[in-house]
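Any value given below was found using the heavy atoms of this structure, including those in side chains, with hydrogens, waters and symmetry copies removed. All ligand and atom numbering here is 1-based and tracks the order in the structure.
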Amino acid sequence: MRTPLIQLKQVMKSFTLESGNEVKVLDNVNFSVYDDEFVALLGPSGSGKSTCLRIMAGLTPATSGEVLSREKPIEGINLDVALVFQSFALFPWETVYTNIALALKPMRLPQGEIKVRVKKAIDLVGLEGFEEAYPRELSGGMKQRVGVARAIVMDRPVLFLDEPFSALDVLTADTLRTEMVKIFLDKKTATRSMLMVTHNINEAVFMAKRILVMGINPGHIRREIVNDLPYPRDDQSPAFRRMVQQIHAMITEAMIPDAPGAHETPSPTSSALPRPPIKEPPLESLPNVQIVEMIGLLEAIGDRGGTADIFELGQATGKEYGRILYLVKAAELLDLVDTPKQMVQLTDLGRHFFDGDINVRKRMLHELFGALRIVQMTTNLLRTDEHLRVPVEALTERVAEWLPNENPDAIVEALVSWGRFAEYFGYNDDTKEVYLDVGQETT
Ligand code: ADP
Ligand code: MG
């Protein structure tokens, strides 16, 4: 039986916001990292990937559930792991050498041993000759090499990487990915296993042996995919492309369910049963995206003749995949697009919007935005005040009640920014009040 190096059991995590509201960001998360494993946590931003890492590293406690490291519950900082961050977080006034050596400071090792270990780490990540350089003299790629060396030098069995290459240019990121895989495979360091957080499907498929796909609201693990492709991997090979497409389809389906009823087959007894009462439409959450960004997406789809592949759109616009999905979700909420499978398609309304000038678009957005239930509820709330305005905290509190599993601050932010554009709501920055834009109200 393999024993896990690190294990999460039924982990739940919630945060208490300043408003006093609780947001649940992880729900019932269970997984283990075993010896000689490269595991990727793959998910859109906000799915709780970093929070998972922080919990496993002992940087923040789980709200409930168990965290075991080499079969013992962790207490405080987990000394079995070392971390590599996206932002390199180097001390600008220290050299490469001392930036790495500082990671060993708490261990109070003899000088001689520090020298040996730092030198070995420097060689492994290809920083020879840069020992005396300062961070400002280094490129992003070289800085991240220091970040990796600083983690390796600690001789911990598990390395955690949080979006380690996302701040780098494409070529540098590719090089470092290959080198990281080599460090993992060669086992010339104390590192036995790696756990990497990423939102990049290609990166996960290129590096990991096992991929845990995370879903959102609250963050949870949706699927586990074993990746047996032999190293070194070729991202152009058909097997590689297939795996990317497969994961991609899985994520798309989760975030953009087909129209209600699309999958329902009538049950044989349905005609004998009384019709269920008409349900209130579900209260939608508003994706926190800028309207202009969503309009940009609609234009990109229109420019492609009204239908586009979501994956291709992400690549063409250089946007993070999770971001594209939010934009698509926003457009879908307003009935401007449909999303059959991996495609996104302008609806008749969407086409009309695409063809329209700014006035047509504003008018349409006013109508479509006003049709959302959360907008109507907000409008009703504002109407309870004789001056048609409420403090933003009051609205945030109500939104937290309406949508208890979501981040109310983000939704209020979206309500206000969309509302402004659609000339529905306004926000007074001095009084911190949201008001009804009565100038545009037809009633
Ligand atoms: P990911 O790394 O997948 O992008 P995170 O783990 O950073 O996701 O965050 C998950 C969710 O938890 C987000 O909605 C984020 O806003 C929220 N969150 C993270 N840290 C805090 C915090 N200290 N207080 C309140 N909310 C937080
Ligand atoms: Mg993160």
Could you give me the CA-CA distance, side-chain angles and deciding distance for Lys182 and Asp186, then say whether salt bridge (Lys or Arg N to Asp or Glu O under 4.0 Å) is met? CA-CA 6 Å; Lys182 194 162 153 25; Asp186 287 352; 2.7 Å; yes
Within 45° of the axis and under 6.0 Å from the centre of the six-membered ring of Phe206, does NZ or CZ of Arg177 qualify? no
Please verify the inter-ring angle class for Phe425 with Phe369; under 30° counts as parallel, over 60° as perpendicular, anything in between as tilted. perpendicular
Sub-3.5 Å donor-acceptor pair from the side chain of Lys13 to the main-chain atoms of Gly219, do we have one? no
Side chain Arg398, main chain Ala394, donor-acceptor under 3.5 Å: no
Are Asp162 and Arg54 within salt-bridge range, i.e. N to O under 4.0 Å? no
Would Ser47 count as a contact residue for ligand 1, given that I'm defining contact as a non-hydrogen atom of the residue lying under 4.0 Å from a ligand atom? yes
Among all protein heavy atoms, pick out the one at the shortest distance from atom 12 (O) of ligand 1; state its residue, atom name and that distance to 0.1 Å. Val25 CG1, 2.9 Å
Using a strict cut-off of 4.0 Å, indicate which atoms of ligand 1 neighbour a heavy atom of Ser45. 4 (O)
Is any side-chain heavy atom of Ser417 less than 4.5 Å from a side-chain heavy atom of Ile291? no
With a 4.0 Å heavy-atom cut-off (strictly under), which part of Pro44 contacts ligand 1: side chain, backbone, both or neither? backbone
Kindly say whether Thr98 contributes a backbone atom to a donor-acceptor pair with the side chain of Thr95 at under 3.5 angstrom? yes
Identify the protein heavy atom lying closest to atom 26 (N) of ligand 1, giving its residue, its atom name and the separation to 0.1 Å. Phe15 CD1, 3.4 Å
I need the nearest protein heavy-atom contact for atom 8 (O) of ligand 1: residue, atom name and distance, please. Gly48 N, 3.2 Å
State the count of protein N/O/S atoms located less than 2.8 Å away from the Mg ion (ligand 2). 1
Verdict with reasoning, Asn99 to Phe91, per side-chain contact (heavy atoms from CB on, under 4.5 Å): CA-CA 6 Å; Asn99 260 294; Phe91 296 111; 3.5 Å; yes
For atom 7 (O) of ligand 1, grab the closest protein heavy atom and report residue, atom and distance to one decimal in Å. Ser50 CB, 3.8 Å
Atom 16 (O) of ligand 1 - nearest protein heavy atom and its distance: Asn407 ND2, 4.3 Å
Please check this pair: side chain of Gln144 against backbone of Phe85, looking for a donor-acceptor N/O pair closer than 3.5 Å. yes
Salt-bridge contact Glu299-Arg361 (side-chain N to carboxylate O under 4.0 Å): yes
Please report which non-hydrogen protein atom sits nearest to atom 6 (O) of ligand 1, along with the residue it belongs to and the distance in Å to one decimal place. Thr51 OG1, 2.5 Å
Which heavy atom of the protein is the closest neighbour of atom 14 (O) of ligand 1, given with residue, atom name and distance? Gly46 O, 4.2 Å
